[in-house]
Amino acid sequence: SRLTALILISVLFLFYPAWIAISLGQAYVFLLLLFTISLYGLKKENNLMMAIPIALMLVLKGYGIFALAGIAALKKWRAFFITVLITIILIVITLPLVGINSWKQYFSEGLNLVAFNKYASYTAYQNLKSLLLNIFPSFSVIMLIILGIITLIFIVRKVPADKSDAILF
């Protein structure tokens, strides 16, 4: 029920490591929550429940692009276009607050800096990207894209079309 979901979300913020991460400005716990909600929307075949969290992930951090690619791979076109539309609406809504130059810089420099910055590997291997960036400095992004595509192809080929909610597990 909705009350149970709200209680679980509230308990999440009482979890000390999650609270510390948020207090230090880390958004990963929140992004995980958004991603989990979108997967639940996929399971329930609720396009808005899938699209709104992914659009927020796209606007806040850019990580929603992977979930958006997953929606496209599952051929959930209605959810895909709703996500794109909500993302555009969120960007337009924020224009009076941050201005157009912030968005231009976010798309032209910010994402490029995160993807290709050699100093991004100094996060002590917190993620696969930082590990690969230390091992293969020039090819880490290309390798991550290739690994992601291989994983996506594997999942799409192994999961029957009528059991796409099995991807949740």
Side-chain angles (χ1 to χ4, degrees), residues 1-15 18-19 21-22 25-112 114-115 126-129 141 144-169:
S1 74
R2 290 184 180 169
L3 180 61
T4 304
L6 288 173
I7 291 171
L8 288 174
I9 291 170
S10 300
V11 169
L12 168 74
F13 292 110
L14 294 176
F15 183 55
W19 183 80
I22 292 169
Q26 301 256 338
Y28 300 110
V29 173
F30 182 63
L31 292 173
L32 178 63
L33 175 67
L34 290 175
F35 187 69
T36 305
I37 292 169
S38 68
L39 287 178
Y40 185 73
L42 175 67
K43 182 178 180 181
K44 294 293 185 180
E45 295 187 16
N46 183 331
N47 290 328
L48 280 178
M49 192 182 290
M50 214 181 330
I52 292 171
I54 293 172
L56 284 169
M57 287 190 303
L58 279 166
V59 169
L60 295 174
K61 201 83 167 146
Y63 291 132
I65 195 73
F66 300 112
L68 192 61
I71 290 174
L74 292 172
K75 298 179 182 173
K76 303 278 187 185
W77 300 117
R78 185 175 176 92
F80 178 86
F81 289 115
I82 290 172
T83 303
V84 171
L85 179 67
I86 291 172
T87 302
I88 293 169
I89 289 170
L90 288 172
I91 290 171
V92 169
I93 288 172
T94 62
L95 283 177
L97 299 172
V98 298
I100 189 87
N101 290 331
S102 295
W103 282 110
K104 284 181 184 177
Q105 187 171 2
Y106 175 72
F107 287 112
S108 66
E109 296 176 26
L111 294 177
N112 190 30
V114 170
Q126 287 182 349
N127 55 39
L128 182 60
K129 178 187 175 263
V141 175
L144 279 175
I145 291 170
I146 291 170
L147 284 171
I149 290 171
I150 290 170
T151 304
L152 188 61
I153 290 170
F154 178 78
I155 289 171
V156 170
R157 292 184 83 199
K158 293 293 179 186
V159 176
D162 61 331
K163 304 233 185 221
S164 62
D165 61 337
I167 293 174
L168 297 175
F169 303 104

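Hydrogens, waters and symmetry mates are skipped; everything else that's a heavy atom, side chains included, is used.
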Report yes if some heavy atom in the side chain of Ile82 is under 4.5 Å from a heavy atom in the side chain of Arg78; otherwise report no.
yes
Do the non-hydrogen side-chain atoms of Phe81 and Asn47 ever get within less than 4.5 Å of each other?
no
Any side-chain heavy-atom pair of Val84 and Leu68 under 4.5 Å
yes
Where do Leu42 and Lys76 come nearest, in terms of heavy atoms and distance?
CD1-CE, 3.8 Å
Looking at Leu31, Ile86, Leu34, which one forms a side chain to side chain contact (heavy atoms under 4.5 Å, CB included) with Leu56?
Leu34
Distance check, rounded to the nearest 0.5 Å: Asn46 atom CG versus Ile37 atom CD1?
11.5 Å
Which atom of Ile54 lies closest to which atom of Gly64, heavy atoms considered:
CG2-O, 3.7 Å
Which heavy atom of Trp103 sits nearest to which heavy atom of Thr94, and what is that distance?
NE1-OG1, 2.9 Å
Report yes if the side chains of Thr83 and Leu58 come closer than 4.5 Å at any heavy-atom pair, otherwise no.
yes
How close do Ala79 and Ala51 get, counting heavy atoms only, and between which atoms?
O-CB, 4.1 Å
Tell me the closest heavy-atom pair linking Ala72 and Trp77, and the distance in Å.
O-CH2, 3.7 Å
Tell me the closest heavy-atom pair linking Met57 and Ala67, and the distance in Å.
CE-CB, 4.1 Å
